[in-house]
Structures are given as C-alpha cells and as structure tokens.
> 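Dropping the structure in here first, questions after.
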Amino acid sequence: MSAVVERRLAVSPLRGRRLRLYCGRRRACQLAPSLSEQQHIRVRLCRRLATGAKCESPLVLFVASPSALGRETTKIDMRLSALTTLQSPVLFVLVLVFAFIDAIAASKSALVIIVDDGGFESSVYGNTVVKTPALQSLANRGLTFDNAFTVVSSCSSSRASLLSGLPPHQNGMYGLHQDQHHFNCFEKVQSISRILRKHKIATGIIGKKHVGPEKVFPFDYAETEETRSTLQVGRNITFMKELVQEFLDQYQHKNFLLYIGFHDTHREHPSRGFGPFCEKFGNGEPGMGTIKDWTPQEFSPDQVIVPYFVPDTPAARADLAAQYTTISRMDAGVGLFLAEFQRRGLLNQTLVVFTSDNGIPFPSGRTNLYDPGMREPLIISNPREPSSFGKRTGALASTLDLVPTLLDWFNVTYPSYHLAKKRKVVLTGQSLLPLTESKPPKERVLFGSQTLHEISMYYPMRMARTHRFKLIRNLNHRSPFPIDQDFYLSPTFQDLLNRSQSHAATGWYKNIHDYYYRPQYELFDVISDPKETKNLAEDKGYAKVFQKLKFQLHNWMNATSDLWLCAPDFILEYTPTTAIKRLEETMKDTASKQEAQKEALMKMQGQLQQMQVRAAAK
C-alpha cells in the first residue's frame, strides 16, 4: 500500500466542492470540480509524486461549500518561474495548492435586494397569513435583524443614503428624484457603485433606481425605470429573472455587486386601474397580463393582521389584503433570483442582503420618523459564517451600515474626499459583518434625517435613538405635517379623513389633529411605550435623557454637515458647546465688571455723603 501524505486546512468559505487538480511542473493547471460533502480541505499526495515520479492519479482537494468556483472548469495560469528553485516536488505542489485556494477564496460577489415600502408582513417576522417561503429560506441561511432602521423615510432619499452611506442632508438627495421634484446628490459623492468600479468590481442594477445623477451612481449594467417600464423591471418577476440571467452571463466570472430594486410593494395611482398596490398586474384577468413565474395569491380583508398603527376598518383591511398579494409576488421574485445564483454555483461566494427603503405607506409609516416609518426588515446571508444561519439579533442597525458592510466584504477602503466646507467625509455607519461572525454588538446611537418627500412637503425632522429611548426634533413644528400624494389618495387615509370629519369611530390609536400638529420635541421610551404614544420631552424625570440625546443628535448633525443646524429655532435654542463656554465666560466677565462698577459707585456715594456731612458742619 502506497503511503499517503495528508494535511487538513479549515477554510470556511470553500465548502461542498471536490476539485481534481491535474498539474505539471512547468504548465498551467486545470481544475475540474465535482460535488462532495467533506467538511475540510484535504491535500493528498501520493508517494510517487513525493519522490518526483509521474503520477497519473489526480491530486484531490475536498472543499466544504456547495460552490466555491461558480463555473464548471477553471483554469489558473500558474507559470511559477519564481518557484523553479524549489527542490521538493511536495513543497512545489503545496505552494501551488495554497495559491489556488487563495485565488478561490478571493472570489466574492454581493446581491442586494431592496423591496419598495416594505414592512414586516412575512413569515420571517411572524406574519402567519402571507406566505413568504423565499424570504424564510434566506433567513434560514442568514442572520435576521429585529432592530434595523432606515436613516430617512422617503424613497429617493433612502436609496441615495443606502447607496452612498451618507444621510440625505449630507449627500444632497433631500427629496424625490423623479419628474418635477428633481432632487440629486452632490456630484462629488462617492457611492458604493462608484467606489467598486474603481476597484475593477463589476456593478449592476435591475429595477427601481430612483436616484441621480448618473455620475454619482454609475453601473456597468443597468435596466431600470430610466430605460424601461417600471412595471416590467420592478414588478414582472419573470422579466426581472431574465435580466438577472443576462447580468450573470456577462459578469459571473468577476467579482461583482448586483443591486435589485423591486417596485413592489409600493402603492399604485388609482387612475391606472391595477389596484391600490398594483396587485392585479400580471394576475391573468382581462387587460392585466400574466407573469409566468407567479401564481397570484389573493387574501380576504378578514384574513389580514392589522398593525397597531393602521386603523382597523374595512377600508384599511382591504388595503392590507391588496398589499399582501404584492408581497407574495415579491417573495416569488426573491426565490427566482436566489435559485439562479444557486444554479450557477454562486451562492457560497455571495453576500446577500435583503431590506427595504422605508416603512409601509400607511398612517405613521412612510415619511414619518416614528418606528412604523423607520423600522425595516433586514436579512444578511454571509456564506463565510454558516454559524449565523437561522439566527436573529437584536443589535441596532441602520441603512447607513450597508456601504461599510459592502466595503468590508470586498476589502475596499472608503476614499478620502471632501464635500461642504472642505471637511473630509467620514461614514457614520459601521460594517455589520462582525455581527454575522457572532461578535457581540457594540452600544450605539442611530440617527435619522428627513427634510422633504415631494417638493411641496417641507417638514424637516431629525432623530436620535438608543435601544430604549428615541428623540425626534420637528424643526418645522409650527406647520401641519404634510401628507404625500400616494397615501392621501389611498382608501385607508380617505376613510380616516371621512370618519374624522364626521366624528365617527376611526379604529385608530391616534387622532387626525395630533397627527398633523406635532410638538417641537418628542421623546419616547420605546421599551415601555413601543407605540410611541407618551411624549416624555417635558417630563422632568427624563431631563437627563432628553439633554443627552439632544447633545448626541447635535454632534451627529455637525459631523455630517447638516445645514439645518442653522434653522432659526435651532440657533436660538441650542448653541454648540464652544459657544456656550464663550457665552458663560462673557457673562462672568460682565458680572465681574458690573460688580466692580457697583463697588466703585458705592464708594463714590460714600465719599459724596461724607462731603455733604462736612459741608453741613461748616
């Protein structure tokens, strides 16, 4: 029996693949993969190879992940002229193998999936009515976040922040990008697609883009609402699948980022006739067309689970039932995309991120900094950390964390550049990859910044929150809160208005007047008051909490060059620390001078009295 030299290497990214390595000392090596279920890489060298003799049997590597290569045959040109001085064929082969392992381990891709106005209506987050098997499957091979939040509750602003890692007041996307709203990011902003392209990492976008300008958000492959129908690239999941295939045909052999933006589950304008959530599109009814890969699911209003912030009325229930149908379409699309990655053997080199841009389009939801507008679903599947699969975390996370996470994944450094006032831009988010590695979360404060949605909806708000407390600053609190067009025209809000005007029961946890007119500050204990109904801003028992969050919010606004620090109320009410110290010093100086003047005056008065006494005596 010939002796076998065996060495084990625990290389977590490479699992489930058996590779046969045929090599010669002075020629390229060819690797022919075949599946195996080994848990470690094994390098086996036969004695004849060790003694320098020819060996017809292949050197076998057992690799532990369903696809490390993503292709059927991989050729690595290893003309190792620098290694010809190696005396031992065993050492030569081992160096060759380790170089190959490094090459495979470097193969990385990322898939980011953004649902439009998405919430927690899925089995992943406890909804037992709408079935979301694809999201559940993704959660089973990923880490689910229970405390993830957007930085801004508005479509374009949120997407720009998600792609740039900067809040909207810093990147310039203050409101909606399309049509007459026409907001754009500052041209110097370095988005994730812009950064990765500079590092030769391919980038693609399919579906809803909703940001600009092109210079800031360039993609090597782009099929969006800018070139095609939003219905087709954002809701027709069969067509979207074909676009995914087209992208992968071109770029799967490179490191790449693919960003997919659903238009589901956004509301639809009633004039188009597709239903309040476009739930009829592709359902096979006359004029609605069909979507090959989708079997429509219909729900009755009695079935739905009404969130606490939505009025429990027939109109709202019907609205939610329509939303559920589009959720089922979106979930089917997620399943198609993941299946395509699986079919090509890419899942085990791909970081998958699923989240939403903002809260659902219902009262207290989208365009609000209350939790229904800010809290987001978030699942991250890190193929290199299978220990995180199927687990949940209560760690705080922000959409500002996506860029740092992707940079960490691709091992790319954030560039050094300046925007306003020549101040160097610094990301205030953090990579979430350590959480997938079971590292304990750090204590942190999350922030929010909302200025506009539609061009007419000026209502700047800023927010700071910890695990327990949340502070909202309504800078334009003297004006009524604006309602966006999509939501205003919705059956839910029209019914709420009609009930409020007729003094009928609304089935809602708030009243319409308080919803429109808000105080300057809102402080909530989100642990004891998760519905955010008891404002503690003027409660003296929470004065220290209030001042601390206020101070932290101010520092973040200053660090991110927030021009709303110059809002009139803000200047009058809150002064930076340095200015406060100067003011205190000035007041002390003034008080000292006033005291000296008082003493001098009293001395003069005393002298005058003495003079008067002497004059009377004479």
> Are Glu522 and Asn474 linked by a side-chain donor-acceptor pair shorter than 3.5 Å?
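Present: a donor and an acceptor within the cut-off.
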
> Using a strict 4.0 Å threshold on nitrogen-to-oxygen distance, state whether Arg317 and Asp302 make a salt bridge.
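Not counted as a salt bridge, because no side-chain N and carboxylate O are separated by less than 4.0 Å.
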
> Among Trp556, Phe183, Tyr174, find the one that has a ring pair (Phe, Tyr, Trp, His ring centres under 6.0 Å) with His169.
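Answer after filtering Trp556, Phe183, Tyr174: Trp556.
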
> Do Asp264 and Ile327 touch side chain to side chain, with heavy atoms closer than 4.5 Å?
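Not touching, per the 4.5 Å side-chain cut-off.
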
> Taking ring pair (Phe, Tyr, Trp, His ring centres under 6.0 Å) as the definition, give me every residue that meets it alongside His503, ordered by chain and number, with sequence neighbours left out.
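Expected list: none.
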
> Using the ring of Phe362 (Phe, Tyr or Trp, six-membered ring only), decide whether Arg267 places NZ or CZ under 6.0 Å from its centre and within 45 degrees of its axis.
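That pair qualifies as a cation-pi contact.
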
> For residues 452-459, which side-chain N or O atoms pair as donor and acceptor with protein atoms under 3.5 Å away, sequence neighbours left out?
residue	atom	partner	partner atom	Å
His453	ND1	Ser154	OG	2.7
Glu454	OE2	Gln485	N	2.8
Tyr458	OH	Trp564	NE1	2.9

> To the nearest 0.5 Å, what is the distance between CG on Asp539 and CG on Leu523?
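If I round to the nearest 0.5 Å, the distance is 8.5 Å.
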
> For Leu347 versus Pro383, what's the shortest heavy-atom pair and its separation?
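Minimum heavy-atom contact is O-CB, 3.8 Å.
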
> Could you list all the salt bridge (charged side-chain N to carboxylate O under 4.0 Å, His left out) pairs where at least one residue sits in residues 360-370, not counting sequence neighbours?
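Listed by first then second residue: Asp117-Arg366, Arg366-Asp484, Arg366-Asp486.
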
> Looking at Tyr515, I'd like to know if the NZ or CZ of Arg518 sits under 6.0 Å from its six-membered ring centre while staying within 45 degrees of the ring's axis.
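Checked: cation-pi criterion met.
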
> Do you see a donor-acceptor pair shorter than 3.5 Å between the side chains of Asp319 and Thr492?
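Note: Asp319 and Thr492 side chains meet the donor-acceptor criterion.
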
> Could you tell me which residues satisfy ring pair (Phe, Tyr, Trp, His ring centres under 6.0 Å) with Phe354, sequence neighbours excluded, listed by chain and number?
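For Phe354, no residue satisfies ring pair (Phe, Tyr, Trp, His ring centres under 6.0 Å) once neighbours in sequence are set aside.
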
> Please name all residues satisfying side chain to side chain donor-acceptor pair (under 3.5 Å) with Thr393, sequence neighbours left out, ordered by chain then number.
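Result, side chain to side chain donor-acceptor pair (under 3.5 Å) vs Thr393: none returned.
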
> Go through the side-chain N and O atoms of Ser191 and Ser193 and say whether any donor and acceptor fall under 3.5 Å apart.
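Side chains of Ser191 and Ser193: pair found under 3.5 Å.
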
> Indicate whether any N or O donor in one side chain lies under 3.5 Å from an N or O acceptor in the other, for Ser158 and Thr150.
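Present: a donor and an acceptor within the cut-off.
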
> Check for me whether the distance between the ring centres of Tyr509 and Tyr308 falls short of 6.0 Å.
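Aromatic pair counts; centres sit under 6.0 Å.
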
> When you check the side-chain N and O atoms of Arg375 and Asn147, is any donor under 3.5 Å from an acceptor?
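Per modelled atom types, Arg375 and Asn147 side chains form a pair under 3.5 Å.
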
> Between Asp357 and Val152, is any pair of side-chain heavy atoms under 4.5 Å apart?
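A side-chain contact is absent here, since even the closest heavy-atom pair is not under 4.5 Å.
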
> Donor-acceptor pairs under 3.5 Å, side chain of residues 270-281 to any protein atom, not counting sequence neighbours: which ones?
residue	atom	partner	partner atom	Å
Ser271	OG	His269	ND1	2.8
Glu279	OE1	Phe277	N	2.9

> Strictly by modelled atom types, are Ser328 and Asp331 linked by a side-chain donor-acceptor pair under 3.5 Å?
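There is no such pair (donor and acceptor under 3.5 Å, judged by atom type) between the side chains of Ser328 and Asp331.
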
> Rounded to the nearest 0.5 Å, how far apart are CG of Asp312 and CG of Leu320?
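Separation between the atoms: 9.0 Å.
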
> So how far is it from Phe149 CZ to Thr355 OG1, rounded to the nearest 0.5 Å?
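It is 11.5 Å, given to the nearest 0.5 Å.
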
> Does the side chain of Asp116 reach to within under 4.5 Å of the side chain of Thr265, using non-hydrogen atoms?
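No. Closest side-chain heavy atoms not under 4.5 Å.
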
> For Asn498 and Asp495, does a side-chain donor sit closer than 3.5 Å to a side-chain acceptor?
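No, no side-chain donor-acceptor contact under 3.5 Å.
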
> Give a yes/no verdict on a cation-pi contact between Arg465 and Phe447, requiring under 6.0 Å between NZ or CZ and the six-membered ring centre and an angle within 45° of the axis.
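Negative - Arg465 is either too far from the ring of Phe447 or too far off its axis.
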
> Give a yes or no on whether Tyr488 atom OH has more than 12 heavy-atom contacts from other residues, nucleotides or ligands under 6.0 Å away.
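No, not enclosed.
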
> Closer than 3.5 angstrom, by distance alone: can the side chain of Glu225 be matched with the main-chain N or O of His210 as a donor-acceptor pair?
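Side chain of Glu225 to backbone of His210, a donor-acceptor pair under 3.5 Å: yes, one is there.
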
> Hey, could you give me the CD1/OG distance between Ile113 and Ser356, rounded to the nearest 0.5 Å?
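Interatomic distance, Ile113 CD1 to Ser356 OG, rounded to 0.5 Å: 12.5 Å.
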
> Can a side-chain donor-acceptor contact be found between Tyr324 and Asn127 if the only test is distance below 3.5 angstrom?
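Yes, side-chain donor-acceptor contact under 3.5 Å.
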
> Check whether any side-chain N or O of Thr132 sits under 3.5 Å from a backbone N or O of Leu135 as a donor-acceptor pair, and report yes or no.
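No; judged by distance alone, with no hydrogens or angles, the pair does not exist.
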
> Kindly say whether Met173 contributes a backbone atom to a donor-acceptor pair with the side chain of Ser157 at under 3.5 angstrom?
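Yes; at least one donor-acceptor contact below 3.5 Å.
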
> State whether the number of non-hydrogen atoms from other residues, nucleotides or ligands found under 6.0 Å of Tyr517 atom OH is greater than 12.
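No.
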
> For Tyr125, does the six-membered ring have the charged nitrogen or CZ of Arg392 within the cation-pi criterion, i.e. under 6.0 angstrom from the centroid and within 45° of the normal?
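Yes, Arg392 lies over the aromatic ring of Tyr125.
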
> Tell me, please, whether Tyr370 has Lys510 positioned over its six-membered ring: NZ or CZ under 6.0 Å from the ring centre and within 45 degrees of its axis?
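Output yes; distance and angle both within limits.
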
